[in-house]
Amino acid sequence: MKLTHKVTVFKRFIYLLTTVLLLATGFVLPAQDSTFNYPYRHSLIAERQFVPSFKDYGSPRYGNYTSYAYNANCFRISYQYLISWANYRQRNTGITIGAGALYREGQMTFGNVGYGSSWTTGTFTHSRWYTGFMLYTEWQTFSNLRLATGLDLGGLLHTSGRFIKVEKYIPYNNAPYNTWIWTEEKVDERSYFRTFNLDLYADVGFRFKLYKNTFLLPGCRGYIERRDLNIGNPSINFSGSFYLGVAF
């Protein structure tokens with residue numbers, strides 16, 4: 001009997017990340033009672049994201065254009081587990097692994113103009129899951145300042161919206177009196193979203209003690225990410241966020 005085992009890209013990522021963590025920690029993952037006297041291991045973070053609007057007019061000859069914008073309802077929540085491999089009197093260094101979800105709302109218009117006109121437009125909402133890791137350094141001598149950089153990958157969870165494709169054309173270009181014909185049809189908005197996303201980010205934050213081993217984590221992040229929509233050029237987006245978290 002022949003056994004088969006399919007290894008996906010996601011599984012390869014998990015295998016590689018596990019190997020790196022084991023090597024970095026000397027094959028021992030510190031637990032809550034680790035010899036590294038770190039004040040917290042778990043953190044819950046909520047972010048308010050700011051995603052810039054985008055317009056791309058494409059080719060001047062054919063009038064291609066793409067535009068989409070996000071409204072104020074862009075949020076991101078995450079859980080992170082901290083693994084410290086170095087703990088000093090004035091500085092801590094380590095890695096976090098975690099997962100979370102993202103939710104965004106916006107509107108999009110995509111079209112082109114040649115002899116006639118056609119475009120797709122509509123509002124949308126979408127959410128996606130993500131998982132990843134973050135490398136950080138924290139200084140106790142600077143009000144517990146934390147600088148970090150991280151990598152996340154994720155996939156599409158849910159989309160909703162109403163995308164309408166509009167076409168306007170002339171049936172007979174050489175007719176003495178041309179009449180524009182208009183057609184409209186609803187299209188599946190999910191086909192316009194990427195099913196796989198990847199982002200890199202930089203993190204600047206602080207840690208303030210609330211009670212015993214409970215801390216407040218305010219900060220901000222800057223993201224370089226693949227665009228949510230798979231149309232338009234370029235496909236890289238720059239976004240930012242302010243966050244507030246609790247660590248314990």
Side-chain angles (χ1 to χ4, degrees), residues 9-49 74-103 127-155 157 197-225 239-248:
V9 175
F10 178 73
K11 288 181 180 179
R12 291 179 185 275
F13 173 78
I14 295 298
Y15 297 158
L16 179 61
L17 178 60
T18 302
T19 303
V20 171
L21 291 178
L22 290 174
L23 291 175
T25 57
F27 296 94
V28 176
L29 297 180
Q32 188 74 25
D33 57 350
S34 167
T35 56
F36 297 137
N37 185 28
Y38 203 77
Y40 65 92
R41 289 293 175 193
H42 312 275
S43 61
L44 297 173
I45 297 175
E47 298 180 50
R48 163 68 167 89
Q49 290 199 310
C74 296
F75 304 101
R76 179 179 170 121
I77 58 173
S78 62
Y79 164 79
Q80 292 180 328
Y81 177 75
L82 182 145
I83 302 171
S84 57
W85 62 58
N87 189 347
Y88 306 98
R89 185 178 299 273
Q90 297 180 343
R91 187 183 70 176
N92 292 316
T93 301
I95 187 173
T96 68
I97 56 176
L102 176 150
Y103 174 83
S127 59
R128 69 173 185 259
W129 63 269
Y130 61 88
T131 184
F133 64 91
M134 181 180 76
L135 301 173
Y136 77 95
T137 300
E138 189 177 73
W139 289 269
Q140 285 81 359
T141 54
F142 294 99
S143 300
N144 296 312
L145 170 67
R146 184 181 68 254
L147 299 179
T149 182
L151 169 69
D152 286 330
L153 59 84
L157 277 177
N197 285 77
L198 177 70
D199 64 63
L200 299 169
Y201 64 88
D203 183 302
V204 179
F206 295 89
R207 172 168 58 89
F208 299 102
K209 187 172 184 178
L210 293 178
Y211 177 75
K212 290 185 178 180
N213 292 330
T214 304
F215 301 86
L216 189 67
L217 303 176
C220 60
R221 286 180 178 178
Y223 290 87
I224 302 176
E225 60 184 9
S239 62
S241 70
F242 291 103
Y243 68 80
L244 188 62
V246 59
F248 52 95

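Heavy-atom basis, side chains included; hydrogens, waters and symmetry copies ignored. Just so it is clear, the model here is predicted, and its values are computed rather than measured. Residues: numbered from 1 along the sequence shown.
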Given side chain to side chain contact (heavy atoms under 4.5 Å, CB included), test Arg48 with Phe75 step by step and report yes or no. CA-CA 5 Å; Arg48 163 68 167 89; Phe75 304 101; 3.9 Å; yes
Which value, rounded to the nearest 0.5 Å, describes the distance between [X] atom [atom1] and [Y] atom [atom2]?
{"X": "Glu47", "Y": "Cys74", "atom1": "CD", "atom2": "SG", "result": "11.5 Å"}
{"X": "Leu135", "Y": "Thr93", "atom1": "CG", "atom2": "OG1", "result": "10.0 Å"}
{"X": "Ile97", "Y": "Met134", "atom1": "CD1", "atom2": "CE", "result": "12.0 Å"}
{"X": "Thr149", "Y": "Leu200", "atom1": "OG1", "atom2": "CG", "result": "6.5 Å"}
{"X": "Leu82", "Y": "Glu138", "atom1": "CG", "atom2": "CD", "result": "8.5 Å"}

Going by the rule side chain to side chain donor-acceptor pair (under 3.5 Å), which residues pair with [X] if we only count those two or more places apart in sequence or in a different chain?
{"X": "Gln49", "answer": "Arg104"}
{"X": "Ser43", "answer": "none"}
{"X": "Ser78", "answer": "none"}

Would you check if [X] and [Y] make a side-chain contact, meaning some heavy-atom pair closer than 4.5 Å?
{"X": "Leu151", "Y": "Leu198", "answer": "yes"}
{"X": "Leu145", "Y": "Thr137", "answer": "no"}
{"X": "Phe206", "Y": "Asn144", "answer": "no"}
{"X": "Ile45", "Y": "Ile77", "answer": "no"}
{"X": "His42", "Y": "Tyr81", "answer": "yes"}

Point to revise | Asp203 (side chain) donor-acceptor with Ala148 (main chain) under 3.5 angstrom | key: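 Not a single qualifying donor-acceptor pair exists.
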(Q) Go through it in stages, so that I can follow the logic: the residues are Leu244 and Leu217, the test is side chain to side chain contact (heavy atoms under 4.5 Å, CB included), and I'd like the CA-CA distance, side-chain angles, deciding distance and then a yes or no. (A) CA-CA 6 Å; Leu244 188 62; Leu217 303 176; over 6 Å; no
For this session: Report the residues that fulfil ring pair (Phe, Tyr, Trp, His ring centres under 6.0 Å) with Tyr243, sequence neighbours left out, ordered by chain and then residue number.
Result: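 With sequence neighbours excluded, Tyr243 shows a ring pair (Phe, Tyr, Trp, His ring centres under 6.0 Å) to no residue whatsoever.
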- Task: Only counting residues at least two apart or in another chain, list the ones meeting ring pair (Phe, Tyr, Trp, His ring centres under 6.0 Å) with Tyr130.
- Result: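 Checked Tyr130 against ring pair (Phe, Tyr, Trp, His ring centres under 6.0 Å); zero matches.
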Determine, stepwise, if the pair Ser239 / Arg221 fulfils side chain to side chain contact (heavy atoms under 4.5 Å, CB included). CA-CA 9 Å; Ser239 62; Arg221 286 180 178 178; over 6 Å; no
Quiz item: Is the NZ or CZ atom of Arg146 both under 6.0 Å from the centre of the six-membered ring of Tyr136 and within 45° of that ring's axis?
Solution: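 No, a cation-pi geometry is absent between Arg146 and Tyr136.
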Q. According to the interplanar angle, ranging from 0 to 90°, do the rings of Phe215 and Tyr40 count as parallel (below 30°), tilted (30 to 60°) or perpendicular (above 60°)?
A.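 Aromatic pair Phe215/Tyr40 classed tilted.
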With a cut-off of 6.0 Å (strictly less than), are more than 12 heavy atoms of other residues, nucleotides or ligands near OH of Tyr79?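 Result for OH/Tyr79: enclosed.
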- Which pair of heavy atoms, one from Lys212 and one from Lys209, lies closest together, and at what distance?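 So the two residues come closest at O-CE, 2.9 Å.
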Excluding sequence neighbours, so at least two apart, what forms side chain to side chain contact (heavy atoms under 4.5 Å, CB included) with Leu157?
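Leu157 satisfies side chain to side chain contact (heavy atoms under 4.5 Å, CB included) with Ser127, Trp129 once adjacent residues are dropped.
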Next on the checklist: For a side chain to side chain contact (heavy atoms under 4.5 Å, CB included) check, start with the C-alpha distance between Leu216 and Val246, then their side-chain angles and the critical distance, and finish with the verdict.
Outcome noted: CA-CA 5 Å; Leu216 189 67; Val246 59; 5.5 Å; no
Which residues pass the salt bridge (Lys or Arg N to Asp or Glu O under 4.0 Å) test with Asp199, sequence neighbours left out?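 Asp199 satisfies salt bridge (Lys or Arg N to Asp or Glu O under 4.0 Å) with Arg76 only.
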